[in-house]
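Each ligand, and each atom within it, is numbered from 1 in the order the structure gives. Residues take their numbers from the sequence shown, with the count starting at 1.
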Amino acid sequence: MKKLFSKIMLAGIVAFSLACSERDDSPRVEPTDVTIQVNHSEDFDQEPAQGSKVTLRNTTSQQTFEGETTADGSIIFEAVPSGIYDISATITMDAEAFFNFAGYLPDGEEVVFNANQTAVPINTTASSFTVELLAGRLGNLVIKQVYAAGSDRVDGALFRDQFIEIHNNSTETQYMDGLYIMGVLGRLANSVQDFTQPDGQWDWTKSVGMNAEGDPNTDYVYSKWLYQFPGSGQQYPVEPGASIILAATAVNHKAPFEGNDGNTITVNNPDLTVNLSNADFEVYLGDDVPTPLASDIDNQSVPNMLNIQWQGTDLILDNRGRESVVIFASDVDVRTFPRYATPNSQNITNNTVLRYQIPKSLIIDGVEGQESPTNQVPKMLPVDIDAGFFYVPGGSFSSEAGFRLTANTFGDRRVMKDSNNSENDIIGKKADPKGFAD
Ligand SMILES: [Ca+2]
Ligand SMILES: [Ca+2]
Ligand SMILES: [Ca+2]
């Protein structure tokens, strides 16, 4: 037994000596220079990640090497003893740094990316590694296009061709199912009254029966119109970089179509309007209003929104552009939320319109439209939802939409600019369903 052991030992020493015959006293744990390349994932086009903190930890000795990647996303650790290592990389970006990198603001104050590879053999023949940073879902649904102006009263489609487009600005598939879209009620006059705030906006603290946690004026928005997307959970996916169209009425407005009254609805100049026959959703109020619009026809191949509250007899947006739109999610059915009358109505009757009170914290995205910089109504959205506003230079019936700009393209994923300030993010341009502003 002892003899056999010695023979194996001897054979081992001989083999080792042979392997190291070119060098004299190389240690068994031969050091090597190790290169670690840190990249972002495909969501961000595998861009090199500058400033990532990288750690190598020997799983036996616990010896640790740390450093930060340079501009090309790499770092070199010198004289790392051969062995088994865990490799990790991390980078934390505050909201501003992430905006500079991606072109849209993240949900929280900061974003943390991580990469991990465990039990990696490192030796003279394995000394170069690439790791990929991952994070949770980054980004959200954003309102990409608001077409409120409509098209020429004589030659176009008036307001019946209006639509809203919502874009998945995130790194993961999202679902429209059950989300809400709402026009925010604002006062259309600047005059200061005893029921307004100093800027002329409704002072909701004076609404009959107001009872809300926090500030009714700054912590909530109130409904002008309100619809819910249909679906049971995962029926209506939107891939990263893709979008959906919510049409007032999902028909090709460029071509003649038959209205509810049997008469043909037509436009003189098809170039002024849009084809919404392939819209993803539409509003249909034919079963809800006493006198439906002739143009409000129900395209059977386009799912209808769930109608909660409406303004007029279809999804009719303010053609002068004074329209603020928010999308929000709520686990609790919004139909059970408190409702209030505007504070100028102090005698509530059966005919008083009550407005749903929506906590600002539920809002996924919101954009504020105004008629023009020189003709504004009181600000409708809290500044942390939209610090500014957009408008269309052509004004009413100009065929122009508020159109969100492109920030970046990562692989196939087109990312819209979102600084939560429409003044920087949205321009006025001819409406183009699923097109791009730039
Ligand atoms: Ca309709
Ligand atoms: Ca339909
Ligand atoms: Ca936003």
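Partners of E282 according to the salt bridge (charged side-chain N to carboxylate O under 4.0 Å, His left out) rule, which considers only residues two or more places apart in sequence or in another chain, do not exist here.
Side-chain N/O atoms of E239 and T173 include a donor and acceptor closer than 3.5 Å. Between the side chains of N116 and D86, no donor-acceptor pair of N or O atoms lies under 3.5 Å. A side-chain N or O of D314 and one of T249 form a donor-acceptor pair less than 3.5 Å apart.
Distances from the Ca ion (ligand 3) under 3.0 Å pick out these protein N/O/S atoms: D365 OD1, D418 OD1, D418 OD2, N420 OD1. Counting only protein atoms, the N, O or S atoms lying less than 3.0 Å from the Ca ion (ligand 2) are E282 OE2, D298 OD1, N299 O, V302 O, N304 OD1, ordered by chain and residue number.
Residue contacts to the Ca ion (ligand 1): V283 brings an N, O or S atom closer than 3.0 Å. Among the atoms of A247, no N, O or S atom falls under 3.0 Å of the Ca ion (ligand 1).
A cation-pi arrangement is present between K144 and F436 under the rule of less than 6.0 angstrom and at most 45 degrees off the ring axis. Taking the ring axis of F44 as reference, the NZ or CZ atom of R413 stays within 45° of it and closer than 6.0 Å to the ring centre.
The local environment of CD in E42 is sparse, with at most 12 non-hydrogen atoms from other residues, nucleotides or ligands closer than 6.0 Å.
Ring geometry, F410 versus F101: the interplanar angle falls from 30° to 60°, so the pair is classed tilted.
Taking the six-membered ring for Trp and the full ring otherwise, the centers of Y227 and F281 sit at least 6.0 Å from each other.
Between the side chain of K379 and the backbone N or O of G388, at least one donor-acceptor pair lies under 3.5 Å.
Taking the N/O/S atoms of D296 in turn, the shortest distance to the Ca ion (ligand 1) belongs to OD1.
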N/O donor-acceptor pairs under 3.5 Å from side chains in residues 286-296, not counting sequence neighbours:
from, atom 1, to, atom 2, distance (Å)
D288, OD2, N307, ND2, 3.1
D296, OD2, L285, N, 2.8
D296, OD2, G286, N, 3.4

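With the Ca ion (ligand 1) as the vertex, OG1 (T249) and OD1 (D314) define an angle of 110°, rounded to 10°.
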